[in-house]
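Labels below follow one simple rule: chain letters A, B, ... track the order of the sequence lines, proteins then strands, and each chain is numbered from 1. Note that the coordinates shown come from a computational prediction; the quantities given were computed from them, not determined experimentally.
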Amino acid sequence: MKRYTLRSDPRRAETQFRIAYADELNPQQLAAATTLDGPVLVIAGAGSGKTRTLVYRVARLVEAGVPAGTILLLTFTRKAAQEMLRRATALVGGDCAQVAGGTFHSFAHLTLRRHGQGVGLSRDFTILDRGDSEDVINLLRGELGLDRKERRFPRKQAVASLFSMAVNCQTPLAELVADAYPHLEEHLDALSALHARYVEFKSSRQLVDYDDLLVKLHAALADEGLAERLGQRYRYVMVDEYQDTNRLQAEIVRRLAHAHDNVMVVGDDAQSIYAFRGAEIRNIMEFPQLFPGTRIITLDQNYRSTQPILDLANTVINRAPQQYTKNLFTTRGPGERPALIQARDEPEQSHFVAQRILELREEGVPLSEIAVLFRSSFHSFDLEIALSRRDIPFVKRGGFRFVEAAHVKDVLAHLRVVVNPDDTVSWHRILLLLEGIGPKSSQEILGRIRGNARPWDVLAASPGRGKSAAEVQRLARVLAEVAAAERPGEQIGRILTYYEPVLRRVHPEDYPKRERDLEQFATIAERYRSTTSLLADMALEPPTDSIAGVLAGDGDDEGVVTLSTVHSAKGLEWHTVFVLWVADGRFPSTYGARDDDDIEEERRLMYVAVTRAKDLLYLTYPIEAYDRGLGLVIAKTSRFLEDIDEDVLEPVALVDEA
DNA sequence: ACAAATACTATTTTT
DNA sequence: TAGTATTTGT
């Protein structure tokens with residue numbers, strides 16, 4: 001077996017490296033970037049140059065002679081991976097692009113396309129996004145007759161998240177229901193039956209949901225031959241945002257790195273905000289036990305924020321009952337105190353933010369350096385209207401996404417049945433669009449075409465009777481054309497020609513808007529060479545902008561304001577940050593939050609929000625808020641910001657200017 | 001089979 | 001409030 005000898009001894013001549021690592025990094029960062037072999041845990045506080053460190057480490061590995069193709073960089077979003085590799089390439093040039101990088105899910109996807117046969121996957125398996133999974137569950141619920149229960153059966157979203165949680169926490173369904181969802185106990189038998197059917201349905205049709213990607217990769221790695229081969233292929237593994245991995249992901253990392261132990265994980269226990277989908281803070285704390293001999297490096301110098309902003313951040317996080325592993329300090333000078341702004345009502349809050357953004361622009365802050373963050377996507381609705389009225393351009397991240405729109409899903413479904421004729425959910429979806437076909441006829445047709453490699457030929461030959469026959473035949477003809485087409489762009493073109501009349505019939509009131517979305521989608525599709533990768537990307541890395549997209553601004557090059565959920569803002573930074581609705585009940589959101597752990601996650605979320613700001617930070621909330629049911633209520637300051645010394649957080653009352 | 005009207009309920013964050 | 005399940009009418 002080939003071994004690379006790498007020296008991390010600092011006394012060794014640094015002259016063999018083109019980059020002066022010691023000059024460009026602080027001592028902790030340097031240690032992290034130049035410790036190449038063995039397990040390393042980096043605890044990296046907010047704004048501590050984590051990305052910079054990872055970039056320099058990739059550069060260092062490459063400079064030390066490690067082939068870029070043997071480095072695996074797992075990040076939270078693919079964008080993050082691309083950004084790091086771009087910067088590493090700028091440093092050492094050459095082929096850092098060869099580094100394998102992406103999310104756990106995209107890595108699992110690629111690996112399973114190549115090596116999934118051992119766990120029963122063909123090369124053409126289809127990825128179900130969350131909405132698809134819910135559709136399947138809905139379909140099967142009807143099939144099992146569970147919709148006619150005397151007691152209300154939980155709705156499809158609830159069922160889907162239950163199933164998902166069971167996988168991500170590696171807990172049997174029965175146990176999970178007993179512990180976390182006692183109110184569903186009466187449905188346990190039905191849920192178990194549904195779950196079994198769901199699993200069987202997917203595996204018999206080459207359908208794979210998000211969780212299956214991880215489960216199947218994990219299972220594939222149980223094969224020691226494959227684990228060994230992948231260990232050889234990826235000799236240096238790096239994982240970013242490790243605090244947000246779940247048990248399954250941690251186990252995957254362990255199996256991947258087993259052969260060589262060259263694994264670095266980077267994370268911040270104070271920024272763990274994905275427990276709701278099964279993330280385990282314990283992963284980061286227990287990493288040293290999983291990999292004996294782990295070197296632990298802490299990055300606690302903050303380069304991002306001014307001292308006053310950091311003071312507030314530390315105040316927020318230090319009130320947590322559980323103490324975190326570090327305290328941030330900064331070398332950046334003084335600055336303005338963060339302000340807590342009390343508005344009378346939501347319109348006034350929006351007015352303040354919009355007004356202040358205009359002032360900042362006058363003062364020379366580019367719009368691209370301004371962000372408005374919020375706990376939940378809908379918190380920004382009112383502000384969006386206010387910004388539009390003033391012609392302030394913005395993009396919104398998080399919330400309802402492009403590919404979740406019904407019309408985009410419809411078009412994708414046509415493409416999917418061509419790639420995977422077993423994809424019953426997509427068949428069902430496109431058949432229901434035809435006039436004269438309901439669930440009954442759809443089931444009948446599905447029964448006839450099941451298992452056929454070219455079902456559209458079957459449909460063309462025997463389209464059934466009545467007025468739906470012509471419709472079915474038209475569909476069959478289009479699918480045959482699409483199957484024969486070469487490139488994704490051409491395929492989408494053919495589907496759109498067929499689908500647009502359908503769209504007009506189904507959505508007579510707002511089809512123009514939807515047609516514009518589809519044009520945009522066609523443009524995206526043009527960029528792809530293979531249909532499989534287009535479909536995979538739409539499921540795993542969909543365009544991040546919300547459906548509303550960019551509102552037409554003046555088109556100048558100073559950029560646009562970012563509106564984002566705190567979750568989607570992870571890892572990013574701006575000169576000025578506004579946080580909306582810092583009122584108890586909204587942030588922290590007390591909807592599903594029952595126990596203390598949930599509240600602590602909300603606290604970390606607030607910490608993530610405030611540490612996004614470099615220079616200016618405004619926290620706002622309206623006193624008067626409408627609550628469904630209750631009507632007008634008086635809002636209280638978020639409990640995370642209550643009773644904070646005025647030296648740290650400046651209370652501001654808005655003066656009526658009318 | 002389907003469309004329209006009505007009743008109801010749970011209400012976040014994302015790969 | 002909106003998205004969904006159910007009921008009723010064609």
* Run the ring-centre check on A:F587 versus A:F374 and record whether the distance is less than 6.0 Å. => no
* Phosphate-side-chain proximity, A:S568 and B:dT14, N/O vs OP1/OP2 below 4.0 Å -> yes
* Candidates B:dT15, B:dT12, B:dT14 - which lies nearest the side chain of A:H567 -> B:dT14
* Quick one: A:F381 CZ to B:dT11 C1', roughly how many Å, whole number? -> 13 Å
* Keeping the roles fixed (side chain from A:D244, backbone from A:A279), state whether a donor-acceptor pair exists under 3.5 Å. => no
* Asked: Any idea which of B:dC2, C:dT4, B:dT13 is nearest the A:K156 side chain?
  -> C:dT4
* Structure fact -> Quick note, A:S589 side chain, CB onward, closest among B:dT12, C:dA5, B:dC2 is B:dT12
* Asked: Should A:E600 and A:R604 count as an ion pair when the cut-off is N to O under 4.0 Å?
  -> no
* Nearest-nucleotide pick for A:R141, side chain only, options being B:dT12, B:dT15, C:dA5 -> C:dA5
* Contact class for A:F104 (heavy atom, under 4.0 Å): base, sugar-phosphate, or nothing? -> nothing
* **A:F76 ring center within less than 6.0 Å of A:H567 ring center** => no
* To do: Would you tell me if any nitrogen or oxygen in the side chain of A:R586 comes within less than 4.0 Å of OP1 or OP2 on B:dT13?
  => no
* Asked: Can you check the A:F378 CZ to B:dA10 P distance for me, whole Å?
  -> 17 Å
* Whole-Å distance separating the CG atom of A:L214 from the P atom of B:dT15 -> 13 Å
* Structure fact -> To the nearest angstrom, the CZ-P distance between A:F163 and B:dT14 comes to 23 Å
* To do: Quote, to the nearest angstrom, the P distance that separates B:dT12 from C:dA5.
  => 15 Å
* Asked: Quick one: stems for DNA chain B, with Watson-Crick or G-U pairs under 3.5 Å, at least three in a row?
  -> B:1-10 with C:1-10
* Asked: Would you say the base of B:dT13 and the side-chain of A:R375 have a donor-acceptor pair closer than 3.5 Å?
  -> yes
* Please state how far atom CZ in A:F374 lies from atom P in B:dT13, giving the value in whole angstrom units. => 10 Å
* Asked: At under 4.0 Å, does any side-chain N or O of A:T565 touch on OP1 or OP2 of B:dT14?
  -> yes
* To do: Using a strict 4.0 Å threshold on nitrogen-to-oxygen distance, state whether A:D240 and A:K50 make a salt bridge.
  => yes
* **A:S272 side chain to A:D269 backbone, donor-acceptor under 3.5 Å** => no
* For atom CZ of A:F276 and atom P of B:dT14, their distance in whole Å -> 7 Å
* Identify whether NZ of Lys or CZ of Arg in A:R277 sits under 6.0 Å from the centre of the six-membered ring of A:Y274 and within 45° of that ring's axis. => yes
* A:N246 CG to B:dT14 C1': how many Å, rounded? -> 13 Å
* Evaluate whether atom CZ of A:R319 has more than 12 neighbouring non-hydrogen atoms of other residues, nucleotides or ligands under 6.0 angstrom away. => yes
* **Nucleotide B:dT15, atom P - distance to NZ of A:K79 in whole Å** => 12 Å
